[in-house]
Amino acid sequence: AGSRAPKQGFGIDSVKVEVKNMVAIMKARVKDRLRGKVIHGTTDHWTSRDNRAFESLCFHWIENFELVSLNVECKEFIGSTKSERLVEIYVKRLTDWNITGKPDKQNQYICRENTILATCTTDTESKMNKFGMQLESEYFVTAIYCTDHVIQATAVIAYSSRIFSDDDTTDAFGKGLVGKCRKLVQFFTTSSQRQQDLCDVQHELGQRARDPVVAYRDANQPYKVVQDVVVRWWSTYAMIQRLIILKPALERLVAEKKLRNSTDRANSPSRMLTDPEWGHIESLAGLLQPWKVAQQVLESEKIVTSSLVLP
């Protein structure tokens with residue numbers, strides 16, 4: 001009641017035209033803002049769950065002593081993803097934004113109308129490594145490989161060994177501990193009743209979340225398990241650290257025989273970690289904690305971080 005009928009002719013096609021006009025206006029404003037500047041670029045390629053490839057294009061520069069970042073494009077990438085074609089498409093995207101590489105190897109940045117791309121950051125996947133080398137050799141754009149990605153790739157090695165990996169290999173130290181932690185977490189995330197049991201036990205033990213954000217919402221808020229995900233760096237550390245905090249509550253659930261499915265056999269192995277396994281997980285948490293701190297610092301969007309990794 002009381003709603004106004006849309007103007008005649010203002011349908012889907014009209015909306016599309018209006019959006020395109022707005023995009024053109026904003027693009028012109030960004031080009032004008034970038035004119036004559038020396039900037040840094042970041043780009044990434046990834047594949048969605050339905051196997052569609054996407055690419056992103058971001059620009060960064062210093063303006064009035066502040067870091068400015070713009071994500072100017074994110075679109076589906078069609079066709080071959082060989083490094084040569086990635087460079088070809090990337091340069092075309094830059095040209096469309098009136099951006100060029102360095103004019104020569106002597107790093108002469110003097111420009112009036114064009115915007116100069118001095119550096120470009122990518123991850124360390126093999127295709128992107130070749131992409132970076134070609135940018136340097138043909139367009140004099142310095143390739144800077146993402147330090148955060150290097151740290152993540154290194155940290156993964158720490159829990160991909162035979163001690164901590166997800167495979168079924170058994171040695172003197174244990175069996176797939178990270179995989180066992182994930183299964184323990186999933187035991188709770190797949191059932192609201194089990195999550196409630198975990199909360200109830202924490203209340204009985206007087207255990208409360210020490211996270212100031214959580215405490216601000218509710219001083220009696222209990223901890224929840226944390227599920228690690230591939231796309232969230234240092235989330236494996238977060239998952240393991242949370243299990244360590246929840247160890248007393250988990251031990252109480254074991255005593256109350258609430259850490260099993262109704263379909264579990266009486267002689268099926270327990271989901272609970274053994275004492276030696278807890279020891280290894282605590283060691284792994286100590287190993288990963290510095291990497292987590294470093295990654296958090298490098299994930300900053302408000303400050304320049306290149307000085308932290310470059311001499």
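Here, residue 1 is the first one in the sequence, and each next residue gets the next number. Not measured: the values here are computed from a predicted model.
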Problem - ILVMFWY network linking Val15 to Val23, side-chain heavy atoms under 4.5 angstrom - result: yes
Fill in the blank from the handout: Ala118 and Val38 have their tightest heavy-atom pair at CB-CG1, 3.6 Å
Exercise for the section: Determine yes or no for a side-chain-to-main-chain donor-acceptor pair under 3.5 angstrom, with Arg52 supplying the side chain and Glu76 the backbone. Expected result: no
Exercise for the section: Kindly check if the number of other-residue, nucleotide or ligand heavy atoms within 6.0 Å of CG (Asp50) is above 12? Expected result: yes
Handout entry: Backbone N/O of Thr274 and side chain of Glu277: donor-acceptor pair under 3.5 Å
Key = yes
Exercise for the section: Would you check if Ile99 and Ile39 make a side-chain contact, meaning some heavy-atom pair closer than 4.5 Å? Expected result: yes
Practice task
Taking the side chain as every heavy atom from C-beta outward, state whether Leu250 and Trp278 have any pair of such atoms under 4.5 Å apart.
Solution key: yes
Handout entry: Glu63 and Trp61: side chain donor to acceptor below 3.5 Å
Key = yes
Exercise for the section: Look only at the side chain of Gln195 and the backbone of Phe188, and say whether a donor-acceptor pair between them is shorter than 3.5 Å. Expected result: yes
Handout entry: Same apolar cluster (I L V M F W Y, side chains within < 4.5 Å links), Tyr237/Val293
Key = no
Fill in the blank from the handout: Residues Ala285 and Ile240: closest non-hydrogen pair is CB-CG2, 4.0 Å
Handout entry: Thr100 vs Ile116 side-chain heavy atoms within contact, under 4.5 Å
Key = yes
Handout entry: Atom pair CG/CZ of Leu259 and Arg194 - distance to nearest 0.5 Å
Key = 9.5 Å
Handout entry: Under 3.5 Å: donor-acceptor pair, side chain of Thr47, backbone of Asn51
Key = no
Problem - Side chain to side chain, Lys292 and Gln296, heavy atoms closer than 4.5 Å - result: yes
Handout entry: Leu67 CG to Ser69 OG distance, which is reported to the nearest 0.5 Å
Key = 4.0 Å
Exercise for the section: Indicate the atoms forming the closest heavy-atom contact of Tyr145 with Met128, along with that distance. Expected result: CE2-O, 3.9 Å
Exercise for the section: Decide yes or no for Tyr90 and Leu57: does some side-chain heavy atom of the first lie under 4.5 Å from some side-chain heavy atom of the second? Expected result: yes
Handout entry: Donor-acceptor contact below 3.5 Å, side chain Thr115 vs main chain Lys37
Key = no
Practice task
Give the cluster check for Ile244 versus Val254: same hydrophobic cluster or not, with ILVMFWY residues linked at side-chain heavy-atom distances below 4.5 Å.
Solution key: yes
Exercise for the section: Flag yes if Val68 and Met26 sit in one hydrophobic cluster, no otherwise; membership is Ile, Leu, Val, Met, Phe, Trp, Tyr, and two members link when side-chain heavy atoms are under 4.5 Å apart. Expected result: no
Problem - Side chain Asp96, main chain Lys92, donor-acceptor under 3.5 Å - result: no
Practice task
Examine His45 together with Phe77 and report whether their ring centres are nearer than 6.0 Å.
Solution key: yes
Exercise for the section: Using modelled atom types only, decide if a donor and an acceptor are shared between the side chain of Lys258 and the backbone of Arg252 within a distance under 3.5 Å. Expected result: no
Fill in the blank from the handout: Residues Thr81 and Lys127: closest non-hydrogen pair is OG1-NZ, 2.8 Å
Practice task
Could you grab the distance from atom CD of Glu282 to atom CG of Leu273, nearest 0.5 Å is fine?
Solution key: 10.0 Å
Exercise for the section: Indicate yes or no for a side-chain donor-acceptor contact from Ser191 to the backbone of Phe187 under 3.5 Å, with no hydrogens or angles considered. Expected result: no
Handout entry: Lys82 with Glu84: basic N within carboxylate O range, under 4.0 Å
Key = no
Handout entry: Residues Asp228 and Ser235: side-chain donor-acceptor under 3.5 angstrom
Key = no
Handout entry: Asn129 versus Glu125, side-chain donor and acceptor atoms under 3.5 Å
Key = no
Completion exercise
dist Asp275:CG -> His280:NE2 (nearest 0.5 Å) comes out at 11.0 Å
Exercise for the section: Given side chain to side chain contact (heavy atoms under 4.5 Å, CB included), test Phe54 with Ser48 step by step and report yes or no. Expected result: CA-CA 8 Å; Phe54 290 86; Ser48 66; 3.9 Å; yes
Problem - Test side chain to side chain contact (heavy atoms under 4.5 Å, CB included) applied to Cys181 and Ile281, step by step - result: CA-CA 9 Å; Cys181 288; Ile281 290 302; 3.8 Å; yes
Practice task
Evaluate whether atom NZ of Lys31 has more than 12 neighbouring non-hydrogen atoms of other residues, nucleotides or ligands under 6.0 angstrom away.
Solution key: yes
Practice task
Take Leu198 and Leu253 through the test side chain to side chain contact (heavy atoms under 4.5 Å, CB included) and record every step on the way to the result.
Solution key: CA-CA 8 Å; Leu198 183 61; Leu253 290 176; 3.9 Å; yes
Handout entry: Side-chain H-bond candidate by donor/acceptor type, Glu73 with Trp97, under 3.5 Å
Key = yes
Exercise for the section: Check for a donor-acceptor pair, side chain of Arg242 on one end and backbone N or O of Val226 on the other, with a separation under 3.5 Å. Expected result: no
Handout entry: Student check: side-chain heavy atoms of Thr42 and Thr122 closer than 4.5 Å
Key = no
Handout entry: Any Val87 side-chain heavy atom under 4.5 Å of Lys130 side chain
Key = no
Problem - Contact check, side chains of Leu246 and Pro248, non-hydrogen atoms, under 4.5 Å - result: no
Problem - Gap between atom CD of Glu138 and atom CE of Met133 - 0.5 Å precision - result: 12.0 Å
Exercise for the section: May I have the step-by-step check of salt bridge (Lys or Arg N to Asp or Glu O under 4.0 Å) for Arg35 and Asp32, ending in yes or no? Expected result: CA-CA 5 Å; Arg35 185 177 294 115; Asp32 185 63; 2.5 Å; yes
Fill in the blank from the handout: dist Arg182:CZ -> Thr189:OG1 (nearest 0.5 Å) comes out at 12.5 Å
Problem - CD/Glu66: more than 12 non-hydrogen atoms of other groups inside 6.0 Å - result: no
Practice task
Look at the rings of His40 and His60 and say which category their plane angle falls in: under 30° parallel, 30 to 60° tilted, over 60° perpendicular.
Solution key: tilted
Fill in the blank from the handout: Heavy atoms of Arg93 and Lys75 approach each other most closely as NH2-CD, 3.5 Å
Handout entry: Nearest non-hydrogen partners of Glu136 and Ala143, listed with the distance
Key = OE2-N, 2.9 Å
Exercise for the section: Determine, step by step, whether Trp234 and Ile151 satisfy the side chain to side chain contact (heavy atoms under 4.5 Å, CB included) criterion, reporting the C-alpha distance in whole Å, the side-chain angles of both residues, the deciding distance to 0.1 Å, and the verdict. Expected result: CA-CA 10 Å; Trp234 56 263; Ile151 291 176; over 6 Å; no
Problem - Verify same cluster id: Val150, Leu287 (apolar side-chain graph, 4.5 Å) - result: no
